[in-house]
Amino acid sequence: MTLLLGLDLGTTNIKALVTDETGKVLAEASLGIGITHFSDDVVHQDMDEMFRVSRIVIKDAAAQVDARKIAAMGISAQGGAMQLLTPDGKPAGPVISWLDKSGESFDVEFTEKMRPQWLAEHVGRGRSGLAIGQVLRLRRVSPDSVAWPNRIGFVGDVVASFFTGNHRTDATSLGLTLLYNPYLKDYDADLLDLLNIRGDQLPELVDSRQPAGTLLTEVARELGIPAGIPVSAPIHDQYAAALGVGAVHDGDIMFGAGTAWVLLAISDQAIHSNRENALLCTHVVSGLYGQILSLSNGGSALKWCLELLGLQDISQDKIDQMIMSTEAGCEGLRFWPLLSAFDAIGIKPGTRGRLSGLQLFHHRDHLVRSIIEGLACELNRYLRFLLDSGVNMKRLLMCGKAGASTITPQILADMIGQPVSCITYSGASPLGAAVLAAGLLQPDRPLGEIADCMAAPSRVIPPQKNQTIYAAIMNEYISSLPKIT
């Protein structure tokens, strides 16, 4: 029996799993990694720690199976986290997290200079961010760090180089750096010229069906898995999750219910939203495109609420009981889930969260349910942005921790007025990495077909009786938000 290894390089956790060729998960391992907030703007991680934790979780997962049968390895990675490199490709300094906002003022200036339309045509997003602002900042404060012959890498390709010796990346990971042109399917040469970056300073762009290389003998010996197996170029974790849940068809919209709730709309055309935060990229599956919209807010809002109530260690079952103990609408209690430092799309910058309609008879269960209902309103608002841009929604697939809830998917289905295909398995990204590994072994088989066969099982939650109530709440929510004039 051939086994497949998937590695997911997340922002706060690194996960590894081993599956068979049907996608059945045979072994799993996970370990947290540090993230340092030096200030509201400066957020760093440590590449040596990522290497170390990656080795630990792979060895742990491999030890649970007959590791001799592992035939390929796929990698999924957080997007946009930059690692400066020496001329020989070694890490120099910390990982600059995608959460780091120290380049934000440079992004604002660059967007004003180049205009949103130019950016949308060159990088698939109408607003500068991520690698662009960071490179512009470093050009000013530390010009030698980004000057030839020094190099610039990102979390996925740097970790892949540890396993293979090669700095290679795929379009989805590159797209999240904002250096990739989804229409040309390559680095954007005009942008690189403006940033004064040479193409050979950056990781090599390869097709997702092409491996980054093969597993080095000395690394394989340490990990306890076979040397010489193909190792994928890293794909972005949202697109890995899409493989893991089977969001590989025109009209699929994947909804990741994590710390931040994220939408990924799949289309067979390069459709770009008129919303400047929307990010267009080619999909891992040939012939498809993806458009990402991040709500910024999400599970973090519920976490805040539970910590406020002293319930941070409560189980999902207990949370569900609290939500189901109250009626839809929370007897007039309303919540704006705008708690993130990042501004929400389509409303006035600086708009903050709000709790309204509070009365003496309201209790903690009302508060918890109001958080979920507020998030459902915000999710529906973002879905409308995608639909207004021309995206055709045939299926909404939900994955992430909230997918295991017995009530949250129902609230979402009722608020949106559409069925929700709910994937209860929480490891969609590492599973997608295993799907990618299977694709390395079957280069002539369509990756979408492999994903359909290996995807985690789902349950369909249809809208029910609370549709009418939630339609009214949705209208109330939309009318109450301060719009951009």
Side-chain angles (χ1 to χ4, degrees), residues 11 35 37-45 78-84 93-143 145-147 152-155 169 172-183 187-197 201-203 236 238 260 262 272-281 291-297 338 340-351 382 385 484:
T11 303
I35 182 166
H37 295 257
F38 290 99
S39 67
D40 290 340
D41 293 338
V42 180
V43 185
H44 290 170
Q45 293 189 280
Q78 56 171 296
M82 178 188 292
Q83 173 67 69
L84 299 179
V95 175
I96 303 171
S97 172
W98 62 272
L99 293 167
D100 189 291
K101 298 196 297 179
S102 55
E104 192 172 72
S105 62
F106 295 87
D107 285 315
V108 171
E109 182 180 339
F110 193 74
T111 301
E112 292 175 350
K113 176 183 176 182
M114 303 308 299
R115 312 305 299 166
Q117 183 64 32
W118 188 93
L119 286 162
E121 292 172 355
H122 285 258
V123 299
R125 185 176 187 254
R127 180 183 294 180
S128 178
L130 299 163
I132 299 176
Q134 294 294 356
V135 169
L136 291 170
R137 176 182 67 85
L138 291 167
R139 284 275 174 222
R140 181 173 298 178
V141 302
S142 180
S145 66
V146 287
I152 299 170
F154 303 91
V155 163
T169 192
T172 61
S173 285
L174 184 56
L176 268 290
T177 70
L178 293 188
L179 301 178
Y180 176 75
N181 188 319
Y183 305 103
Y187 283 103
D188 189 86
D190 293 338
L191 177 60
L192 296 191
D193 285 344
L194 288 168
L195 298 177
N196 196 22
I197 299 174
Q201 288 182 266
L202 296 162
H236 183 247
Q238 290 297 326
V262 180
H272 191 276
S273 170
N274 58 1
R275 301 293 169 175
E276 292 179 3
N277 280 5
L279 175 58
L280 175 70
C281 189
Q291 185 179 165
I292 290 178
L293 269 181
S294 175
L295 279 67
S296 298
N297 303 276
L338 309 175
S340 168
F342 297 95
D343 289 324
I345 299 174
I347 58 179
K348 287 184 178 180
T351 300
Y382 273 62
F385 294 150
I484 295 175

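The two atoms that bring S128 and G133 nearest to each other are OG-N, 4.3 Å, heavy atoms only. Counting all heavy atoms, side chain and backbone alike, Q201 lies closest to V146 at NE2-O, 3.1 Å. Residue V42 comes nearest to S39 through the heavy atom pair N-OG, 3.1 Å, listed as atom of the first residue, atom of the second, then distance. Of all heavy-atom pairs between G175 and C281, the closest is CA-SG, 4.1 Å. The two residues P143 and V141 have their closest heavy-atom pair at CD-C, 3.8 Å.
We find the CD1-CE distance between I152 and M82 to be 5.5 Å, quoted to the nearest 0.5 Å. The CD1 atom of I345 sits 4.0 Å away from atom OH of Y382, with the distance rounded to the nearest 0.5 Å. In this structure, CG on L179 lies 6.0 Å from CD1 on I197, to the nearest 0.5 angstrom. Atom-to-atom distance recorded for L84:CG and S145:OG is 5.0 Å, nearest 0.5 angstrom. Going from atom NE2 of H236 over to atom OG1 of T169 covers 10.5 Å, rounded to the nearest 0.5 Å. With values rounded to the nearest 0.5 angstrom, L279 atom CG is found 10.5 Å from T172 atom OG1.
A 4.5 Å side-chain heavy-atom check between R125 and N277 finds at least one atom pair inside the cut-off. Side chains of Y183 and L280 form a contact here, defined as non-hydrogen atoms less than 4.5 Å apart. Residues I96 and R137 meet the side-chain proximity criterion, which asks for heavy atoms closer than 4.5 Å.
When only modelled atom types and interatomic distance are considered, D100 and S102 share a side-chain donor-acceptor pair under 3.5 Å.
Q45 places no side-chain N or O within donor-acceptor distance of the main-chain N or O of S97, the cut-off being under 3.5 Å. Checking side-chain atoms of Q134 against main-chain N and O of E104 turns up no donor-acceptor pair under 3.5 Å. In this structure, the side chain of D41 does not engage the main chain of K101 through any donor-acceptor pair within 3.5 Å. Under a 3.5 Å cut-off, the side chain of N297 and the backbone N or O of L295 do form a donor-acceptor pair. Under a 3.5 Å cut-off, the side chain of T111 and the backbone N or O of D107 do form a donor-acceptor pair. In this structure a side-chain-to-backbone donor-acceptor pair under 3.5 Å is missing from R140 to F106.
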Chi angles and distances behind the side-chain contact (heavy atoms from CB on, under 4.5 Å) call for F110, L119: CA-CA 10 Å; F110 193 74; L119 286 162; 3.9 Å; yes
Full working for side-chain contact (heavy atoms from CB on, under 4.5 Å) between L176 and Q238: CA-CA 10 Å; L176 268 290; Q238 290 297 326; over 6 Å; no
Stepwise side-chain contact (heavy atoms from CB on, under 4.5 Å) test for L174 and L202: CA-CA 10 Å; L174 184 56; L202 296 162; over 6 Å; no
